[in-house]
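The block underneath contains the structure these notes are about, expressed in structure tokens.
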Amino acid sequence: MTLLATQGLSKHYAGLQAVESVDFALQEGEIRALIGPNGAGKSTFVGMLCGRIPSSAGQVTFDGRDITAMPAHQRISLGMAYTFQITSVFARLDVHENVALAARRLPDSSPQRVRRRVMEALEQVGLQDRTDTLAGDLSYGHQRLLEIAMGLVQSPRLFILDEPTQGLAESEIESFKNLIKRLSSHTTILLIEHNMDVVMQTAQRITVLNFGQILAEGSPSEIRANDAVQSAYLGSG
Amino acid sequence: MTPGGHSFLSSAPFRSVLLHGSIVLLLALLFGVLPEYHSGNLARIMVLAVYAMGYNVLFGYTGLLSLGHALFFAAGMYGLGLTMYWLDASPAPGMLAGLISALVVSAIIGSLALRTTGVAFMIVTLMFAQAGFLTILLLGEYTRGDEGFVLQQADRVLFGFDLTQPAVRYASALMLFSLCLALVAVLVQSRFGKTLVAIRENEERARMLGYDVLRHKWLAVIVSGTLSGASGAAYALLFGYAGATFATVQYSIFPLLWVLLGGAGTTIGPLIGTVFMFYLIDISSQFTSAYLLIAGIILILLTLFAPQGLAGVIRKRLIPWLP
Ligand SMILES: Nc1ncnc2c1ncn2[C@@H]1O[C@H](COP(=O)(O)OP(=O)(O)OP(=O)(O)O)[C@@H](O)[C@H]1O
Ligand SMILES: [Mg+2]
């Protein structure tokens, strides 16, 4: 079943065509990687999916519903979670409260349940011992993990992650890969990622964006073998 | 002691009750100790501290800087004053009229001013308050404009108590203050209050967690404006006068200063700031006619050396859990 789809989705900034008429479909339960060179329009594209960035043209449907005109907070309530490319946490609040703010929005958020959900999410990313630390005092990598926990705790149907492994240590990247695989049993994942190891080992399908348009789409092996992708992106790395 | 008992004693609700209860108790005891001049001052301060607490909900907890709160204070003041003066209403319905008037005005102003953010929000709230001030002057036939009007002693009797009696006045001010303090203490521990703090800290992140940021801000304006109006109505009732001065820019700046001084985003900061500034002006004006200069210098020193305000310093140095 198609969970999310776009038709002709576009964004232009004063003459610059950041995303150009993208038709895209994501199946429920899938792990999809979105790759492409810097400035290809990846962040802009997912920003339009979750409503953070208003689109210039086109349509977004989620779970069969047209959500193009829906404000961001309502889309999130439908079951999307989003982590920012540039880490965005509540720096002056502690780790527990950061995740609790994400958890309190769910139905049945009694204080006990919120606390339990928060601890579960923090354990999944390995931050369970840092609950009282101010988010701003965490290392960069830990802030990224915190943001992932803020997404996890929402038990989203669609989890959009914008370069989550940027700034993580090798060992943390390893556990991130495992986390993604475990999640995929009940969450659809759209992952923007520059780390090719992570992409090749986690994604079932890959979409390549270049100059705001879809250049190729397919399984990891198909993408690896694609000449256009090679010259536009992989070749340079 | 059981571990459960321990966690209760260090739990946020228990600490909050203890802290705020102690303050109310202290204020009650002070009436017996202080000479009449100072207890009279303190009654005034408690009413004005409610104004500061209202301002703090929006500025300290939600992160929105308004320069037009005098409009909400005046809405409460005239809501009560005009119904008592012209309609011969007694204090209880007068108070209700004051609250409703502040609530309606803040709901309308909130829905308009929140279309802007940052500096534009400051300017728009300032302009609305200025328009409110001019309206009061324009309707001078009813409001008596600058001159204002006095509420007669005979009319200021609430449930048989003469509100002009110092003890009754003090008790009424303390009751209003305690009620509002309790309300704010509960509010900031609630889910709603925590969401406001999240919006203050990182609005974009709060939105992308699924919170309706605009709606929360609007509700914060209403809570803030209604508390401010409660203060304005009580001020007119307890001190017997309503006038256009209370709708001037100066009265929009006061709560900002009180809250900055006392500590934005703390429940007890508004009271501390109001006391501090009241006596700063009171004492310095005994020595020099340039008292505003002295007050200004002390304010500058404080913002330089304690930018989080007095309660902010207490939170940093002594009591990290200060709500
Ligand atoms: N707010 C904006 N105003 C103007 N141009 C923008 C804005 N945001 C993005 N762009 C431009 O749109 C294009 C796509 O940007 P986007 O951030 O979506 O790329 P990306 O694929 O996420 O790149 P990266 O891998 O570096 O994160 C870039 O050329 C960028 O400069
Ligand atoms: Mg990007």
Side-chain angles (χ1 to χ4, degrees), chain A residues 46-47 49-53 70-94 96-107 109-115 132 134-136 143 146-147 149-156 159-162, chain B residues 3-4 7-8 10-16 59-63 114-115 117 186-220 263-266 307-309 311-312 315-316 319-323:
Chain A
V46 298
L49 300 183
C50 61
R52 193 172 77 88
I53 299 172
M70 203 179 258
H73 68 91
Q74 280 178 19
R75 301 191 193 194
I76 302 295
S77 306
L78 290 180
M80 289 191 196
Y82 174 77
T83 69
F84 289 78
Q85 176 169 7
I86 297 164
T87 317
S88 180
V89 294
F90 302 104
R92 296 197 298 172
L93 304 181
D94 66 34
H96 188 282
E97 179 63 13
N98 268 269
V99 185
L101 277 164
R104 276 192 213 106
R105 240 198 53 293
L106 301 181
S109 55
S110 67
Q112 295 85 336
R113 278 208 82 142
V114 167
R115 206 166 306 132
D132 296 335
L134 292 186
Q143 289 190 21
L146 173 60
E147 210 178 337
M150 290 161 78
L152 287 179
V153 80
Q154 300 173 59
S155 310
F159 196 0
I160 302 173
L161 298 116
D162 198 343
Chain B
S7 73
F8 173 72
S10 60
S11 71
F14 179 77
R15 282 168 161 175
S16 175
F59 174 65
Y61 286 98
T62 320
L114 286 172
R115 289 158 199 252
T117 55
V186 169
L187 182 111
V188 303
Q189 295 288 344
S190 72
R191 195 181 131 136
F192 176 68
K194 288 174 174 173
T195 307
L196 296 186
V197 170
I199 290 170
R200 177 192 76 194
E201 290 297 312
N202 188 343
E203 182 173 332
E204 176 83 341
R205 180 72 267 189
R207 177 177 299 111
M208 296 316 292
L209 289 179
Y211 289 106
D212 187 343
V213 168
L214 193 61
R215 194 176 132 264
H216 276 86
K217 284 182 174 174
W218 184 63
L219 291 172
T266 63
Q308 334 74 335
R315 183 189 267 167
K316 205 166 166 185
I319 323 177
W321 53 264
L322 204 67

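Side-chain atoms are counted along with the backbone in the values below, which use heavy atoms only and exclude waters and symmetry mates. Note on naming: letters A, B, ... go to the chains in the order of the sequence lines (proteins, then strands), and numbering restarts at 1 for each one.
In this structure, chain B has a heavy atom under 4.5 Å from the side chain of A:E97, while its backbone stays farther away. Heavy atoms of A:V89 lying under 4.5 Å from chain B belong exclusively to its backbone. Looking at A:A102, the atoms closer than 4.5 Å to chain B (heavy atoms on both sides) sit in the backbone and in the side chain alike.
The candidate with the highest count of non-hydrogen atom pairs below 4.5 Å against chain B, out of A:R104, A:H73, A:Q154, is A:H73.
Remark: B:M208 CE to A:I76 CD1 distance equals 4.0 Å, nearest 0.5 Å. Summarising the geometry, atom OG1 belonging to B:T195 is positioned 10.5 Å from atom CZ belonging to A:R105; distances are rounded to the nearest 0.5 Å. Atom CG of A:L93 sits about 7.0 Å away from atom CZ of B:R200, to the nearest 0.5 Å.
Counting heavy atoms from C-beta outward, A:F90 and B:V197 have side chains that stay 4.5 Å or more apart. Between A:S109 and B:R191, some side-chain heavy-atom pair lies under the 4.5 Å cut-off. Residues B:R205 and A:M150 have side chains in contact (heavy-atom distance under 4.5 Å, counting atoms from C-beta outward).
Dense packing is recorded around CZ of B:R15, with more than 12 heavy atoms of other residues, nucleotides or ligands lying under 6.0 Å away.
Across B:G210 and A:S77, no two heavy atoms sit closer than the pair O-OG, 3.9 Å.
Residues forming a salt bridge (Lys or Arg N to Asp or Glu O under 4.0 Å) with B:R207 (at least two apart in sequence, or on another chain): B:E203, B:E204.
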